[in-house]
Student: 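Before anything else, here's the structure in question.
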Amino acid sequence: MAVVEVYSHPVLHRYKTSICTKATIFVFACFLLTFIPPILVAYRSQGFWQREAWYREQPDVSFKHQILLLLQTSQTGDYLVWSTYQNFNQLQQGRVRVPLVKSREEDSNRDGKSDALQMTVQVPLLDTEEVYSVDLLLFFQYKLYIFSAFTMECMAYLQHTSPLPGADLTVVGDLRLHQKYPLGHTGRDTRFNTSIIDSTSIFPSAYDLRTIFESYSDRNVSTNFQTYYPVWRTGRATGQPFVISATVRYPEETILYKPGFWQLIKWGWVQYISILLVFLFVFDRIKTFVFENQILNTIVDSPTKKFKQG
Amino acid sequence: MAVTFQSLFFFLAFCSVLLGVRAQTTAPGTTQRPTTQAVSTAAPAAPTTPAPATEAPATQTTFPVNTNVGSCTCDLTLNACDVNCCCDADCSSQDAQSFSQCLENLYKPDDRLCVQDHIIVFENTQFVSNLESNNLFCIYTDNYPGRNYYTGADTVETEQAFQDLVQTYETTSYSQVGSTATVYENFYKSGDPIYTVNESGAQGTLGLPKADITSNCLDSSVAGFLLDETTSCTREWNSLADQCETSPSLNANIYYLGLKVARTPALFQSTLPPTTAAATGTATVPTVTTVAMTTANVTAAVTTSLPGNATADNTTNLFDNPDLVNFTLTNITCQDREGNIVSCTFPAGSVPAPVYNGTSGLCDNVVLQVAYTVTHNGSQGISAVEVSFTLGSVLSTQTSVQQSFAITFGKQDSVAGFRRSGNPGYVVGEPVLAGNLVQTTSATTAEQLRSIVVSSDRNSWLSMLSSSADGSCVTSSTDRASVVFGEDMRSGCLLTVFFTNITDVCTLLQSTANDALLGTNPPTHVAMFGNSQLDTVGDWVEILRVNEPVAQTTGFRTTTCRNVVLGMHIEVLYANIGALSNPQPKILAVRFRFENPQDITFTCVGTQCQAGGPQAAQQFEVVSSVSFIDASSSPTASLAEYPTIRTQLPYDFFYPFQAASSAVSHLGLSRVVYVTAFVISALVSR
C-alpha cells in the first residue's frame, strides 16, 4: 500500500540551561556577533547614510521684465546704458539710450511652464557710435516644487566683446542652475528670493557690475547663462539700430538635495537587512551545530525523547 | 525563521551547484571550438598563395598563423645599427652597452595576462607579474591563442573584391563630396530658383541680396519661386566720390536691365548645348553663373552686350528666345536725405545711374529699395515681372547705406489678398489688427452702417513709440514700432528740458509726450480674431482708456511742471479658445493705461549745476510698453465622488460596550476601527 505524506510540521527542540553557563555566554556572543557586524560592514563599505541625492525637475522660470544693458560705443570709454531701474537711469542721465525691447516666453510643450525666453533689444544709435561690447543682465524668478518649495530671483548675464564694431549679436543658451550646497528635501526655501540689484539705491555702486556679481556669486544657489554660440555680425548700416537677439532656454535640471530622515533610514535599513540575513543564516547553523552535538552542555527538551545531561 | 533561512540557503546552494556544473561543462566546449576555428581561418589563406603560382612564381612573403610577426620593429636601417634598438642584429655588444634603453617593446601588451610572457621571449628578463591591474582575475593560461592574432589580411586581386571590402569597412572620407547636376523641370515649383538669361546669353538665376555672415549684402543669394521675401543688407564703400558712379550695386539698372526671366525652366532643357559643343570651338558657350548684381563680369556684359548682339554668330542667342519674360519698370520713388518722398526729376520709363554731385557732396539716384513683383500662372510659369525702385541721395560722409530687397508673387488675374493675422485665432508674431470705427449712411436704404477702417500698412495698425537714433522722441508715425501678437514690448524716448525754459514748455512737453505715446490717429477698436471682418463690428472690441490725462499741465515755481503724464501701457487680455491641442488666441480686451500724472522737477547734481547753470539739460523718459496677459481658463475636471461604503451596524450590535447615554444610534467609523483592533489584539494574544 502506497504511503502518502498528508501533513508535516517541524519538531522544535528546546535547549535549556541556567543563566551563568558557557551556553548562555555563547548564545549571547552569537547574538552580538549576528547583529552588530552587519552594521559595521554596511557602514564601513561606504554609502550607508545617503547624505545627498538627485532628482530632475524643470524649473518654473518667469522673466521679471527687468533688464540692465550696457554698451561700449567706442574703444576709448564711451558707453550707453539703459535699465528698467529708474534710479539708475537718473544717475546716468545723458548716457541713457532707451531701446525697443521685445520679449516672449514660450511654452512649447504646453505643460504650463515656460521653456524659453525669446527677446530682442534694438538700441537706436547715431552713425558716429559703434558698438564694441555688450553686457546685458536679465532677471528671472526661479521656482522649484518637487522637494523643497524653492523660490529665488536669479540672473542671466549675456556678455560679448569684439574688436570689430557690431551690427547685431545673436546668442542662444541655457539658464543653468548652479548649486554650491544641496537643497532641503522639504519646506519653503526663500533664502535667495531677494533682489539682486537694490533698485531703491541712489548710489552708483549698487548698479556696478562688480558689486552685483560679487554678491550674486556669493549665493549658494544661483543661475548662470551658458552660451557657446554667440554670433557677432559686423556691418551696421547707417541709421540702423544695434540689435541683440537672445534665446534663453529653461532646461530641466538635475537638482542635488539632502534626503529626509525616512529616506535615510529606509536605505540604511535595506543595506543592514541584506547583510544581516547572511549573518543570521551562518550563526543559526553554528548554533544548531553546537547544540545538536551538545558541544556546550544544555538540557534538551525534545518532544520525542527527553533526556538530561548533567 | 531558521527553517526559511535554511531552505533559502539550500536553494542558493542548488543554484550555485547548477551554475558550477554548467561552467564546467561549457569550459571544454569553449576550448574545443576555437581550435577548429583557428584551422578554418587558416584554411582560406592557403589557396591564395598558390593561385598566382600558375603564371609567375611571384612569391609573397607569408607569415605563420598565430605568431607575433613584428619581432624587431625598431630595426629600421638596413645593415646598420639603430640606436637604442637592442634586438638589432647589426648592433655589436659594444653598441648595446652604450644604449640608454631598449625601444623594441613599443606595442601595448595584453594587460589581462597574469604573466607577460612576451617579455621572456624578446628581452629574456625576469617574468613580470600583472600586479597593477584592478581586475579580480587575470589570464593564467590562454587555451585559445588565436584570439590574440589578426586573421584574413589577404591581398585583393579584383575590383569586385575591393568593392566588397570597401562596402564592408567603409567609413566617411573626404572623397564623398558629390555635386548633383541641375535638372530643369517642366515648370517651377515653390522654392526653385528663377532662371534668367543675360543679354549676352549667359544663364543665371534671379538674385535677392541678403545679409549673411556680416550685415553686408551677399549678392549670390537667390530668390525662391513663390516665396515672398523681404531682405535688407548693407552696402559699404571706401570713398563715395569715387564709387558713386562706378559701384554697380548702387545702380538701379543692374537689377533689371539687360535681363530676362525664363517663363519655365523647360526653356533650358532644349537649349542647353551638349557638352561636345565646347570642343567644336563655338564662340558663345553659355556659362552658368548666378546673376550676381555687383560682380564686374555682369556689368561688363550689360554694357558691351549690344554690339555683341549685333554680330551674333550662327548659333541663336538665348536672349532672343520668345519664352523669356521682360522686366517691366513700374514705379520709381525718390527720397530726399531725410527719408521724405519727393518727386523725381527725371523722365519716367528709365532709371538714371547714380550721379555724384561734387559741390553738394551728394550721390544722387542711389538704389535704396528694389521690389520685384512676379506674376505667375501656376505650372504655366511666369507671365510678367515688374520691378520698382526707391532711389535716394547719400551724403559722401556716409560709409554705408542699407538697401532692402523684396520679391512678391501674385497669381495672374487675381486681386491682391488681404493678409490676415490669424485664422481664426491670432498667430504669434503677426500684427494686432486695429482700426477706427466709422459710421456711414447707406445710399440705398438710408441706414446707418458701421464698419472698421484699418490702415493699408499692417505694421501701423497698433503701434507704440520708439526713440530716434539719438534717443529723443519721434513724432513721425513711420518710425513707430508695430505691436505684434504675443510679444511683450517696452520702449521709450527721452524728453530733454533745460532749466531756463522748463515752466514755459510744460504744455509743449505734455503734448510731445502724448504724441509720442499715442501717435497720430490712434486706433479705437481691436479685432478679437486674426481674421475679423471689417464690417462685422461685433468682432471688434473697443480699446479702454484708463487714467487718460485730463488735468492741465501747469508750471509751478520755476523748476516744476505739474501733472505730466509720461507713460502709457498697452495691456492686451487674451484667452485661448477651441481644442486644447490647437489653441486659438482671442483678444478679450485691450486697455491703454496711462501712468499717473507726476510732477517733474528739474534737479541737477554737483558739477552739472555749476557747469551748465541755466543751460543745464535734464532728460525725462517717456515710457510705453505692451503686455499680453493670458487669461485662458483650462477645463476643470469634474469627477464623480468616491463611492462610500456604508459601515453601519445595527444600533445595538455593540450594546454592552456602549455608554449608558445611548443617544448614539449609529456607530461612527472610528468606533468600528477601535472594536476591530480590540478583536484582533484579543486573537493575537491568545
Side-chain angles (χ1 to χ4, degrees), chain A residues 10 12 63 65 67 80 82 84 86 89-107 110 112 117-129 164 166-168 202 231-241 243 277-278 280-285 287-288, chain B residues 1-3 5-6 8-9 211-217 232-236 339 394-395 397-403 428-429 464-471 479 481 484 486-494 496 580-581 583 603-605 608 617-619 621-623 625-628 634:
Chain A
L12 194 67
F63 180 48
H65 294 83
I67 301 166
L80 289 174
W82 176 75
T84 49
Q86 288 309 311
N89 291 351
Q90 280 295 323
L91 275 171
Q92 296 294 338
Q93 276 292 333
R95 301 197 188 273
V96 171
R97 184 71 48 83
V98 187
L100 172 65
V101 180
K102 295 180 182 178
S103 68
R104 185 165 68 84
E105 280 181 299
E106 58 182 24
D107 177 13
R110 296 193 202 131
L117 168 74
Q118 309 273 2
M119 87 173 299
T120 320
V121 180
Q122 293 178 18
V123 190
L125 289 178
L126 296 173
D127 294 340
T128 51
E129 293 165 330
L164 311 168
D168 55 41
I202 55 161
V231 179
W232 178 270
R233 293 207 305 178
T234 54
R236 186 171 65 88
T238 306
Q240 295 302 308
V243 182
L277 285 178
V278 178
L280 278 176
F281 173 74
V282 169
F283 279 96
D284 197 66
R285 297 303 293 258
K287 281 192 278 190
T288 312
Chain B
M1 193 81 162
V3 176
F5 284 126
Q6 271 180 0
L8 188 70
F9 169 75
D212 186 42
I213 293 170
T214 68
S215 303
N216 291 344
C217 295
S232 57
C233 55
T234 311
R235 298 282 187 196
E236 285 184 332
V394 177
L395 200 62
T397 50
Q398 275 182 230
T399 58
S400 65
V401 72
Q402 171 137 332
Q403 289 184 332
V428 169
M464 65 179 289
L465 72 90
S466 67
S467 69
S468 62
D470 60 352
D479 286 333
V484 295
E487 255 182 12
D488 289 357
M489 294 166 77
R490 189 209 185 273
S491 184
C493 57
L494 298 170
T496 307
L580 281 180
S581 57
T603 50
C604 57
V605 181
Q608 275 182 356
Q618 191 170 11
Q619 293 177 323
E621 190 185 359
V622 179
V623 186
S625 75
V626 180
S627 55
F628 285 84
S634 299

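Lettering of chains follows the sequences in order, A, B, ..., and the numbering in each one begins at 1.
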Student: Given the options Glu129(A), Met119(A), Lys102(A), Glu106(A), which has more heavy-atom pairs under 4.5 Å with chain B than any of the others?
Tutor: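 When all of Glu129(A), Met119(A), Lys102(A), Glu106(A) are compared, Lys102(A) has the most.
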Student: Kindly give the heavy-atom pair with the smallest separation between Ser491(B) and Val98(A), and that separation in Å.
Tutor: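 Where Ser491(B) meets Val98(A) most closely, the heavy atoms are C-CG1, 4.0 Å.
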Student: Check whether Leu100(A) gets within reach of chain B through its side chain, its backbone, both or neither, counting any heavy atom under 4.5 Å.
Tutor: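 When you check distances to chain B, atoms from both the backbone and side chain of Leu100(A) fall under 4.5 Å.
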Student: As an exercise: rank Val484(B), Asp488(B), Thr234(B) by heavy-atom pairs under 4.5 Å with chain A and give me the winner.
Tutor: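 Highest number of pairs under 4.5 Å: Asp488(B).
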Student: Which bit of Pro241(A) comes within less than 4.5 Å of chain B, counting heavy atoms only: side chain, backbone, both or neither?
Tutor: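 Answer is neither: Pro241(A) stays 4.5 Å or more from chain B.
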Student: Which region of Gln122(A), side chain (C-beta onward) or backbone (N, CA, C, O), has a non-hydrogen atom less than 4.5 Å from a non-hydrogen atom of chain B, or is it both or neither?
Tutor: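 Gln122(A) has no heavy atom closer than 4.5 Å to chain B.
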Student: Counting heavy-atom pairs under 4.5 Å with chain A, which one of Val401(B), Val623(B), Thr214(B) comes out on top?
Tutor: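 The candidate making the most pairs under 4.5 Å is Thr214(B).
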Student: Looking at Leu494(B) and Val96(A), what are the two nearest heavy atoms and their distance?
Tutor: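 Scanning both residues completely, I find the closest heavy atoms to be CD1-O, 3.2 Å.
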Student: If you define the side chain from C-beta out and look only at heavy atoms, does anything of Pro583(B) sit under 4.5 Å from Arg110(A)?
Tutor: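 Pro583(B) reaches Arg110(A) side chain to side chain.
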Student: Relative to chain A, which segment of Glu621(B) carries a heavy atom at a distance below 4.5 Å: side chain, backbone, both, or neither?
Tutor: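 Side chain only.
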Student: Identify which part of Gln90(A) has an atom lying under 4.5 Å from any heavy atom of chain B, answering side chain, backbone, both or neither.
Tutor: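 Contact with chain B: side chain only.
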Student: Please report the interatomic distance NE2(His65(A)) to OG(Ser627(B)), rounded to the nearest 0.5 Å.
Tutor: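 If I round to the nearest 0.5 Å, the distance is 7.5 Å.
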Student: For Ser400(B) and Arg236(A), work out which heavy atoms get closest and say how close.
Tutor: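 Where Ser400(B) meets Arg236(A) most closely, the heavy atoms are OG-O, 3.7 Å.
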Student: Taking all non-hydrogen atoms of both residues into account, name the closest pair between Ser215(B) and Ala167(A) and its distance.
Tutor: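 Heavy atoms only, the tightest pair is OG-CB, 3.1 Å.
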Student: Counting heavy-atom pairs closer than 4.5 Å to chain A, which one of Arg490(B), Met489(B), Glu236(B), Met464(B) comes out on top?
Tutor: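 Top option by heavy-atom pairs under 4.5 Å: Arg490(B).
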Student: Look at Val428(B), Asn216(B), Val394(B) and state which one has the largest set of heavy-atom pairs under 4.5 Å with chain A.
Tutor: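 Maximum pair count with chain A is reached by Val428(B).
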Student: Look at Trp82(A), Trp232(A), Phe63(A) and state which one has the largest set of heavy-atom pairs under 4.5 Å with chain B.
Tutor: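 When all of Trp82(A), Trp232(A), Phe63(A) are compared, Trp82(A) has the most.
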